[in-house]
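Worksheet: the structure to be examined is printed underneath.
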Amino acid sequence: MGAAGWIFKSEPDTYGIQDLKREKRVRWDGVRNYTARNFLRDGVKLGDPVAFWHSSTKVAGVAGLAKVVKAAYPDPTAFDPKHAAYDPKSDPAAPRWISVDVAFVSALPQVIPVAQIRADPVLSGLLLFRLNRLSVSPVEAAAWARLRKLAGWKA
DNA sequence: GCCAACGTTGGC
DNA sequence: GCCAACGTTGGC
């Protein structure tokens, strides 16, 4: 049984929910953490919902909803020497890093703050809070249902 | 911008 | 393969 949904973190100064709204769809690349990579490769499925998390900003927390529109494939930025996330140790014949594509669904009128999520008895157990540095993390069914309700998402 | 947490690296 | 040093993340 897989996760009901996912949390993807991004710094809005670099790429926020409004950028995704404008572009409609984006390649989620540059993930260089093995735990996050494993979730992208083995867990994230086509059609899965993704809570878009704003980090390192005035109000950190859930900023909107996206969905997975392309499942795991090799992250091309790992092979690009000019890219900040270039990894010379990633062999194109055995790619080390993984991307997925996500599409915009909706933006929240205001961010659900991290403090509110942490204080919620259902959401306080999110893996996000135990593995603070994880940029891709699963949300189990009960927690997803709670988050969906807080955010007012239909699906 | 401070600092705690923690994943990664590299010397041994 | 241990573990100290280092770098990065991310909330405050």
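The sequence lines fix the lettering, A, B, ..., with proteins before strands; numbering per chain opens at 1.
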Subject >> Nearest-angstrom distance from the residue atom CZ of A/Arg32 to P of B/dG7 >> reply: 18 Å
**OP:** To the nearest Å, give me how far apart OH (A/Tyr34) and P (C/dT8) are.
**Re:** 15 Å
Original post:
Roughly, in whole Å, what's the span from CG in A/Leu126 to P in C/dG10?
Top reply: 15 Å
Original post:
A/Arg133 has a side chain; which of C/dG11, B/dT8, B/dA5 sits nearest to it?
Top reply: B/dA5
**OP:** Output yes when at least one side-chain N/O atom of A/Trp53 is less than 4.0 Å from OP1 or OP2 of C/dT9, else no.
**Re:** no
Original post:
Counting only side-chain N and O atoms of A/Lys9, is one of them less than 4.0 Å from OP1 or OP2 of C/dT9?
Top reply: no
**OP:** Would you kindly give the CG-to-P distance between A/Leu128 and B/dA5, to the nearest whole Å?
**Re:** 16 Å
Original post:
Hey, would you say the A/Phe52 and A/Trp6 ring centroids sit under 6.0 Å apart?
Top reply: no
Subject >> Carboxylate-amine/guanidinium proximity below 4.0 Å for A/Arg32 and A/Asp87 >> reply: no
Original post:
Judged by atom type as modelled, is there a donor-acceptor pair below 3.5 Å linking the side chain of A/Asn38 to the main-chain atoms of A/Thr35?
Top reply: no
Original post:
Across the strands shown, which category fits A/Ser55 at heavy-atom distances under 4.0 angstrom: base, sugar-phosphate, nothing?
Top reply: sugar-phosphate
Subject >> Short side-chain N/O contact to C/dC12 OP1/OP2 from A/Arg118, under 4.0 Å >> reply: yes
**OP:** Mind calculating the distance between CG (A/Leu134) and C1' (B/dT8) to the nearest angstrom?
**Re:** 15 Å
Original post:
Nearest-Å distance, CD1 (A/Ile7) to P (C/dT9)?
Top reply: 18 Å
**OP:** Report yes or no: does A/Arg118 contribute a side-chain atom to a donor-acceptor pair with the main-chain N or O of A/Phe129 at less than 3.5 Å?
**Re:** no
**OP:** Grab the CG-P distance between A/Asn132 and C/dC12 for me, whole Å please.
**Re:** 10 Å
Original post:
A/Lys58 NZ to B/dG1 P: how many Å, rounded?
Top reply: 14 Å
